[in-house]
Amino acid sequence: MQYKFALIGYPITHSLSPWIHEHFLQATNLEGSYTIYEISPEKDFANEMEKLKKEAFHGFNVTVPYKEKMIPYLDEIDSQAKKIGAVNTVLQKDGRWIGYNTDGIGYVRALFHKFQELRETKNIKILLLGAGGAAKGILHALLYEGFQQITIANRSLERAEILAKAKEGIEVISLDEAARRLDRFSLIIQTTSVGMKPKEEDVIISLENIKENTIVSDIVYQPIETRFLQEAKERGARIHYGHSMLLYQAQYAFEIWTEKEPDAQSLDEKLKQTLEG
């Protein structure tokens, strides 16, 4: 079979998804292609979806700004994607489009790969920084894996409260309060764009009160080592880079499309080097 995959979104010309999925095709001895299908916001989205159906892709990824806009065009939606309210992966099966969200599950896979003990140690306190789309996907994946003690800190408490409704018992605090109570957490996850190029020196909260050996994760991968991660490492934390989420969410999407699980671990360092230029 000659697989046909794509990425839709805007702007996406510099996306690394084709690079990742071409490696996955080679690693699993499958033939196929992965192309960029850029849709500018000025275009009629419904018309573009009609064109996309005629392309007969076996599957495609969806990125900003269409993760929510895609939902009405699906024939079916996975339960996790429904809870999150956004789709980043679509499978074409028997002429029907089925939507999934691999972001949160991909993130947790990447985390488990780096910190094996988290597969068994679910009784830890987790601080989630941010309450946007990425935070929502990661929160649902953490809850699905059995983590219970989760605190959300965000600039807008109202937005954090909306996200916290996903599960009874989730605490909501301000960013200032999070900084003061940092030593209570064993895992800190930064889910916002703070610290992304070109504002590399920005840090979402002070890490002055962090305890040694805390796992600190940042989903930003440009730069690879954000100022947030640099400061965490200087204070004795164990750090987790954002590029691995990109890799493992792609791995899960590839599994949905092909029912084959490519080795993501072997690509991790190569992706890191590619991003570092």
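Residues: numbered from 1 along the sequence shown. This structure is a prediction, so every number in the text was calculated from the model and none was measured.
- Smallest separation of non-hydrogen atoms from Y107 and S217: OH-OG, 2.8 Å.
- K67 NZ to T89 OG1: the interatomic distance, rounded to the nearest 0.5 Å, is 8.5 Å.
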- Item | Steps toward ring-ring contact (aromatic ring centres under 6.0 Å, His included) verdict (Y3, W257) | CA-CA 9 Å; Y3 282 101; W257 296 331; 9.1 Å; no
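- Here H243 contributes atom NE2 and L16 contributes atom CG; the two are 11.0 Å apart, rounded to the nearest 0.5 Å.
- For the atom pair OH (Y241) and CD1 (I224), the distance works out to 8.0 Å, reported to the nearest 0.5 Å.
- Residue L182 holds its CG atom at 6.5 Å from CG of L127, rounded to the nearest 0.5 Å.
- The neighbour count for R155 CZ, taken as heavy atoms of other residues, nucleotides or ligands under 6.0 Å away, does not exceed 12.
- Side-chain atoms of S156 come within 3.5 Å of backbone atoms of R159 as a donor-acceptor pair (strictly under, hydrogens ignored).
- Atoms CD and CD1, on E234 and I210 in that order, are 11.5 Å from each other to the nearest 0.5 Å.
- At distances below 3.5 Å, not a single donor-acceptor pair connects side-chain atoms of N88 with backbone N or O atoms of N61.
- The closest donor-acceptor contact from the side chain of D94 to the backbone of R96 lies at 3.5 Å or more, if one exists at all.
- Between K53 and E50, no side-chain nitrogen of the basic residue sits less than 4.0 Å from a carboxylate oxygen of the acidic one, so the salt-bridge criterion is not met.
- A heavy-atom distance below 4.5 Å is found between the side chains of I138 and I219.
- Surrounding CD of E68 are at most 12 heavy atoms belonging to other residues, nucleotides or ligands under 6.0 Å away.
- A salt bridge between E231 and R235 is absent, with no side-chain N of the basic residue lying under 4.0 Å from a carboxylate O of the acidic one.
- Residues L267 and W19 form a side-chain contact, since some pair of their non-hydrogen atoms from C-beta on lies under 4.5 Å apart.
- Cluster annotation: Y73 and L52 are assigned to the same hydrophobic cluster (Ile/Leu/Val/Met/Phe/Trp/Tyr, side-chain heavy-atom contacts under 4.5 Å, transitive).
- Annotation for K82: atom NZ does not count as buried by contact number, only 12 or fewer foreign heavy atoms lying within 6.0 Å.
- The pair K233-E225 meets the salt-bridge criterion, since a charged nitrogen lies less than 4.0 angstrom from a carboxylate oxygen.
- Tested against Y34 for a ring-ring contact (aromatic ring centres under 6.0 Å, His included), the candidates H58, H23, H21 yield a single pass: H21.
- In this structure, D183 contributes its side chain and N209 its backbone to no donor-acceptor pair below 3.5 Å.
- With sequence neighbours left out, E117 forms a side-chain contact (heavy atoms from CB on, under 4.5 Å) with F115, T121, I215, R238.
- If you take CG on D218 and CE on M196, they are separated by 9.0 Å, rounding to the nearest 0.5 Å.
- Listed here is the closest heavy atom pair of L7 and T63: CD1-CG2, 4.0 Å.
- Other residues, nucleotides and ligands contribute more than 12 heavy atoms inside 6.0 Å of the NZ atom of K211.
- Under the 4.5 Å side-chain heavy-atom criterion for ILVMFWY residues, no single connected hydrophobic cluster contains both Y100 and V108.
- In this structure, E269 places its CD atom where more than 12 heavy-atom neighbours from other residues, nucleotides or ligands lie under 6.0 Å away.
- A salt bridge is absent between K197 and E200: the closest approach of a Lys/Arg side-chain nitrogen to an acidic carboxylate oxygen does not fall below 4.0 angstrom.
- Atom CD of Q2 has more than 12 heavy atoms from other residues, nucleotides or ligands within 6.0 Å.
- Minimum interatomic distance between Y66 and I39 (heavy atoms only, all atoms of both residues): OH-O, 2.6 Å.
- A 6.0 Å sphere centred on CD of Q116 holds more than 12 heavy atoms belonging to other residues, nucleotides or ligands.
- Contact detail for Y221 and G242: the closest heavy-atom pair is CB-C, 3.9 Å.
- When each of D75, I98, L74 is checked for a side chain to side chain contact (heavy atoms under 4.5 Å, CB included) with V90, only L74 meets the rule.
- Under the 4.5 Å side-chain contact rule for hydrophobic residues, I239 and L275 share a cluster.
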- Residue pair T192, Q190: steps toward the side-chain hydrogen bond (donor to acceptor under 3.5 Å, both in side chains) verdict: CA-CA 6 Å; T192 77; Q190 201 295 109; 2.5 Å; yes
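- In plain terms, the two heavy atoms of L163 and G130 that are nearest each other are CD2-O, 4.4 Å.
- Connection of I126 to I170 is established within a shared hydrophobic cluster, with ILVMFWY side chains joined at heavy-atom distances below 4.5 Å, either directly or through further cluster members.
- In terms of modelled atom types and a separation under 3.5 Å, the side chain of K4 and the main chain of T35 share no donor-acceptor contact.
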- Message: Using the rule given for ring-ring contact (aromatic ring centres under 6.0 Å, His included), can you reason through Y37 versus F60, listing the C-alpha separation, both sets of side-chain angles and the distance that settles it, and then say yes or no?
- Response: CA-CA 9 Å; Y37 195 99; F60 57 91; 8.4 Å; no
Donor-acceptor contacts, no H, no angles, side chain residues 144-153, under 3.5 Å, sequence neighbours left out:
{"from": "Q149", "atom 1": "NE2", "to": "N123", "atom 2": "OD1", "distance (Å)": "2.4"}
{"from": "T151", "atom 1": "OG1", "to": "E171", "atom 2": "OE1", "distance (Å)": "3.1"}

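- For the side-chain contact (heavy atoms from CB on, under 4.5 Å) test, no residue two or more places apart in sequence or in another chain qualifies with P72.
- L143 approaches A166 most closely through the heavy-atom pair CD1-CB, 4.3 Å.
- Checked against D103 for a side chain to side chain contact (heavy atoms under 4.5 Å, CB included), the options Q249, K136, H140 give a single hit: Q249.
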